[in-house]
There are 2 protein chains.
Amino acid sequence: MPNPRVVSLDKIKVACQNCTLSALCLPLGLKEADVEKLDQIVKRSRPIQRGEALFHIGDPFQNIYAVKTGSFKTFVQSADGGEQVLGFHLPGELIGLDAILDNQHGCSAKALETSSICKIPFLQLETLATQLPSLQHQVFRLMSGEISKDTNMLMLLGNRSADERLATFLLSLSRRLAQRGFSATEFNLSMSRHDIASYLGLAVETVSRLFTRMQQEGLLQVDRKFVRLLDMDRLDELCEKNPHCHGRQLLP
Amino acid sequence: MPNPRVVSLDKIKVACQNCTLSALCLPLGLKEADVEKLDQIVKRSRPIQRGEALFHIGDPFQNIYAVKTGSFKTFVQSADGGEQVLGFHLPGELIGLDAILDNQHGCSAKALETSSICKIPFLQLETLATQLPSLQHQVFRLMSGEISKDTNMLMLLGNRSADERLATFLLSLSRRLAQRGFSATEFNLSMSRHDIASYLGLAVETVSRLFTRMQQEGLLQVDRKFVRLLDMDRLDELCEKNPHCHGRQLLP
DNA sequence: GGCGGGCATTGATCCAGGTCAAGAAGCCGA
DNA sequence: TCGGCTTCTTGACCTGGATCAATGCCCGCC
């Protein structure tokens, strides 16, 4: 059976104009001609292997990255040698927006599976954005989304129990995957239990136990990386204990 | 003794050109003539009383706000009626940047003391930013700073103990106050213990106990709202257990 | 000036989740 | 196919900080 993850050369070269992610990414709201201008500054890379780094903390800031296929995590090294995971990034999401202020990356990013990205030189993007108001607007929107994503995460870490955190994480993943045309109820976790635990501010053992318990309670099925969400309603209830958000989604 | 917090009419009317905060705020990097253009779209308000709201969650998004004097907190209502504090905002800091994506505010903001703000209509700011590249750049920078601030907070909430959190909070406050020309070692907390606890993901009682203990250990003196930091070195040590950040500051 | 109500402190108790330790189950590469 | 990784799961135990409860303290208001 052919592996659906294998990316053909054609796909690597796909331009923004033809990219299925354009409604989630920078081209949103741009006229056809303007997308072409954007396309000219975007650099598309060869596939990136699982574990390969996109950039390291402290690297000088030159590009922002849009995930095209696969997934990434961003993280910092803890003093004790461990990793603190800051986020997971799916196709159409931008990485590196936190580096503009200091002109250096404030975290590291590495691929969780074989992935591909679009590299966007930030100086050129800025120049283009002054010429294309709707591009500027979209950059503002995406950065704003990054901020609300983070504040939602703060709410989650600030005062939610372990099972609420895991349920919120799974539903967030489900929703984002569905937006990208994947199944909302069945998917593979590209990140390790350790990554999930770090992201949610929990111990690995706790995450493992929660998966087991949620499976026993019929909320989901889990087999290694594979997850099937069985009872979305009860998972939702777990999340809705969360702060009242006036219809806004918790997590991006 | 005259109250130094009382704001005279002159100060309310101060233009960006003369504002002492311009190096921290939107005007940074702008030419004199451009600052004047920015100044023309900024609306300055009468003082805002302690407890008064700047906006509520769900309000349509029209303006971003720059704190001129005083301080604010942003927060959301929890399901149980409590408040989850998302951030504290000092003079020169912007509020409302998380609302661009959804066109509505994702949190509420209220004054912690008598304060004043500059209101900036976002549509006009966007228009001006297309004309003034360095203004656009500064907006990007400030939004980027907001993102790194939040990710630093995630690190703090993700895996730091209660005393590390409080120490980090106090030093962050100290540094920001110093940037603004106030004392780095003696200041008044404009927020309640409850606000601090919520922000740091702790219980009020824990914060109270920590203040007491840190005072006993000679790290600081605390009397109600007033704090004097006595041993910056040891406070620093507490924070440096934090993830390795390549010289970047934890918290904004 | 005294009283009432929120805010802060302190003490006592409890438990969610961390830590430690020991397998089990995949996942290579030889 | 085996042996040595790493990752994951499960169990036993422990503790940091939450929770509950009581008291003190300040500040605004009549």
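So that the names make sense, note that chain A is the first sequence line, chain B the second, and so on, each numbered from 1.
Between the CG atom of A:Asn188 and the P atom of D:dT7 there is a distance of 17 Å, rounded to whole Å. Here C:dG18 presents its P atom at 11 Å from CG of A:Leu200, a figure rounded to the nearest Å. The nearest whole Å value for the distance from the CZ atom in B:Arg193 to the P atom in D:dC26 is 12 Å. As a whole-Å value, the separation of B:Leu202 CG from C:dT9 P is 14 Å. Remark: P of D:dG17 and CG of A:Asn159 are 16 Å apart, rounded to the nearest angstrom. Atom-to-atom, CD1 of B:Ile196 to C1' of C:dT9 comes out at 14 Å; the value is rounded to the nearest Å. One interatomic measurement links the two molecules: CZ of A:Arg160 to P of C:dG17, which rounds to 12 Å at whole-angstrom precision. Note: CD (B:Glu205) to P (D:dT23) measures 16 Å, nearest angstrom.
Atom OH of A:Tyr65 is separated from atom CG of A:Leu94 by 12.5 Å, given to the nearest 0.5 angstrom.
With respect to the salt-bridge test (charged N to carboxylate O, under 4.0 angstrom), the residues B:Lys149 and B:Glu146 qualify. Between B:Arg234 and B:Glu217, none of the side-chain N atoms (NZ, or NE/NH1/NH2) sits under 4.0 Å from a carboxylate O, so this pair counts as no salt bridge.
Comparing D:dG17, D:dT10, C:dT19 by their closest approach to the side chain of B:Ala162 singles out D:dG17. Ranking C:dG17, C:dA8, D:dC8 by closeness to the B:Ser192 side chain, first place goes to C:dA8.
Side-chain nitrogen and oxygen atoms of A:Ser161 include none within less than 4.0 Å of the OP1 or OP2 phosphate oxygen of C:dA16. When the side-chain nitrogen and oxygen atoms of A:Lys225 are compared with OP1 and OP2 of D:dC8, one or more of them lie within a distance under 4.0 Å. When the side-chain nitrogen and oxygen atoms of A:Thr212 are compared with OP1 and OP2 of D:dT10, one or more of them lie within a distance under 4.0 Å.
Of the residues near DNA chain D, A:Arg209 and A:Arg224, the one whose nearest nucleotide (by heavy atom distance) lies more toward the 5' end is A:Arg224. Place A:Val204 and A:Asp223 on DNA chain C by their nearest nucleotides, and A:Val204 ends up nearer the 5' end.
Within a 6.0 Å sphere centred on CZ of B:Arg50, heavy atoms belonging to other residues, nucleotides or ligands number 12 at most.
A donor-acceptor pair under 3.5 Å links the side-chain atoms of B:Ser198 to the main chain of B:Glu83, judged by distance alone.
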